[in-house]
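The block underneath contains the structure these notes are about, expressed in structure tokens.
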Amino acid sequence: MHRLGGVGLSAFDRHNQSQRSFAQLSSQLTQAQISHLHSQLAQFRTALSNFAVTHREHIKRDPRFRHEFQQMCASIGVDPLAGPRRGGWWAEMVGMGDWQYELGVQIVDVCVSTRERNGGMIEMDELIRIISKLRGVSGGEITEEDVVRSIETLKPLGAGYQVVDVGGRKMVRSVVKELDQDQAVILAVARQLSGKVVEEDLISRHGWTRERARVALENMCLRDGLCWVDDQDPSGMAYWIPSAMRWDL
Amino acid sequence: MALSTHTTSTGYLLPSIHSAPPFFTQQPNPTTLAIATEHWVKLITGYARHRKLFFLRVEDAESPGNDWAEVLRNERINRRLPPTYLSYILEILVNKNLAAYEPPAQTRAVMLFWRLPEEWAEVLHEWATSTGQLNSILTFYDITDPPLESPLTGIPIPLLRRAIGILTKSNRAQIISIPDGEGVRFFPGNKYVG
């Protein structure tokens, strides 16, 4: 009887041959898939590049936009900071330089996304913790020194990022020198209240956290000199905004 | 609440900033502090001139019921100047040559120059001239407590000494030893004759 594949020596030959053709077919398929993926990646890369180039100015200028852009990249699994060159794709396309800038971008990202709750002041340890999480294990460890240096390099952008010492604790301040949104809110409240604002007013009227209210008021007072402190107020510390006070003379 | 001026019981017109509660707090912002302190300097020298007060002490802010109470306190808004801030203001007054620590070598009390020592020298010489006391010897007491009240009534001796010292430099006065201490003799002339 004849069995397919036979039993003689030639059976080994045939077996080998079919295995070879299978392997060939498989490698052909893989090749096709890879080249397909390659072309898809290239296409995607081009699209993303185009987007980055078109919106380069916007990305550079607007921290919120940059944050959104980075989130978009993250959600589709592309790390804009990764790339063949040192400084990565981000540096290549957006022209933002080296590793320091990358870290700077992440600092901005964290500062902007936490501004709501901390009023633009974040503790160094907290900032490093969040950035480390953002970068993942492969991003390598970052230190306080790295953050300080990166903030230095952010200076030309004029965003007003600064490391300040608050009672022996390092904090990163990210609110710009001009009147920010919180200050606009405080000014509005001050106008309604004839110039005097306490933390409680901002908490009850605008649902701010106590920390945000305190930081915003302290910023206004210490950094910008926009208001005067009254420490003899029955409720504790009161802030007076001269521009909202009514002067008879 | 409007911030308005207020006339005190001694007839001094307090500026409207005196009714602003934060005026009584030492401001943490250096720029704001400088602005507020400048207002205090003006207010203190103005009030001293109005009441002819020559001394201001840190303790004037510590207890009520002294010559400075209506300035260092505002009962209408329940605020008072903290002694630490007054101490800082005294330092500024001294730095601006509007006061000198008196006695020297402490920082709790100053003698105020609501007229500069140079101005006092002219007032003194003018008084001596107009009351016909040039060339005669006067005791310090004759000047600080004359029978007829003068602009120099109550002037503190250290300030009088400064004024006489300035006149001495232009040869318009001379300190003379007299039996019970020191006296002074004034000579005709003006500040341009050296």
Side-chain angles (χ1 to χ4, degrees), chain A residues 119 121 160 162 164-169 171 173 175 177-180 183 186-187 189-201 213-249, chain B residues 1-8 11-43 46-47 60-64 69-89 92:
Chain A
M121 292 273 268
Q162 215 180 342
V164 289
D165 205 87
V166 180
R169 289 168 104 172
M171 294 191 98
R173 200 182 67 196
V175 272
K177 280 246 155 48
E178 301 107 51
L179 211 59
D180 59 41
Q183 290 179 335
I186 293 173
L187 277 178
V189 171
R191 266 193 212 101
Q192 290 159 14
L193 300 173
S194 310
K196 178 183 145 185
V197 180
V198 297
E199 285 172 19
E200 214 55 57
D201 294 325
R214 185 175 52 75
V215 168
L217 286 166
E218 272 179 7
N219 270 344
M220 255 182 124
C221 173
L222 283 171
R223 190 193 62 214
D224 306 312
L226 291 171
C227 62
W228 291 34
V229 189
D230 175 17
D231 58 16
Q232 294 174 51
D233 192 83
S235 69
M237 192 70 100
Y239 296 80
W240 290 78
I241 289 107
S243 58
M245 289 156 82
R246 203 149 64 76
W247 302 82
D248 274 3
L249 200 86
Chain B
M1 190 192 87
L3 304 163
S4 52
T5 56
H6 177 76
T7 307
T8 70
Y12 187 73
L13 183 71
L14 292 166
S16 50
I17 197 169
H18 193 263
S19 54
F23 189 48
F24 294 83
T25 295
Q26 185 165 354
Q27 295 302 313
N29 180 304
T31 315
T32 316
L33 177 63
I35 295 166
T37 306
E38 185 53 37
H39 280 288
W40 274 110
V41 164
K42 268 190 210 149
L43 178 56
Y47 188 73
D60 288 329
E62 284 164 353
S63 55
E70 55 188 26
V71 167
L72 303 185
R73 282 157 192 271
N74 188 339
E75 305 294 353
R76 289 165 289 124
I77 56 167
N78 198 24
R79 293 288 183 279
R80 58 187 197 88
L81 190 68
T84 46
Y85 188 19
L86 179 58
S87 174
Y88 173 78
I89 295 168
I92 298 296

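Reminder, nothing fancy here: chain letters follow the sequence lines and each chain counts from 1. All figures in this text were calculated on a predicted structure; none of them were measured in a lab.
Nearest heavy-atom pair across Val229(A) and Thr25(B) is O-CB, 3.3 Å. Considering every non-hydrogen atom in both Leu222(A) and Asn29(B), the closest pair reads O-ND2, 2.9 Å.
Judged by distance alone, with hydrogens and angles left aside, the side-chain atoms of Thr32(B) form no donor-acceptor pair with the main-chain N or O of Trp228(A) at under 3.5 Å.
The distance from the CD atom of Gln232(A) to the CD1 atom of Ile77(B) is 8.5 Å, given to the nearest 0.5 Å.
Contact count versus chain A (heavy atoms, under 4.5 Å) is highest, among Pro30(B), Pro82(B), Pro28(B), for Pro28(B).
For Arg79(B), the side-chain hydrogen bond (donor to acceptor under 3.5 Å, both in side chains) partners at least two apart in sequence or on another chain are Asp230(A).
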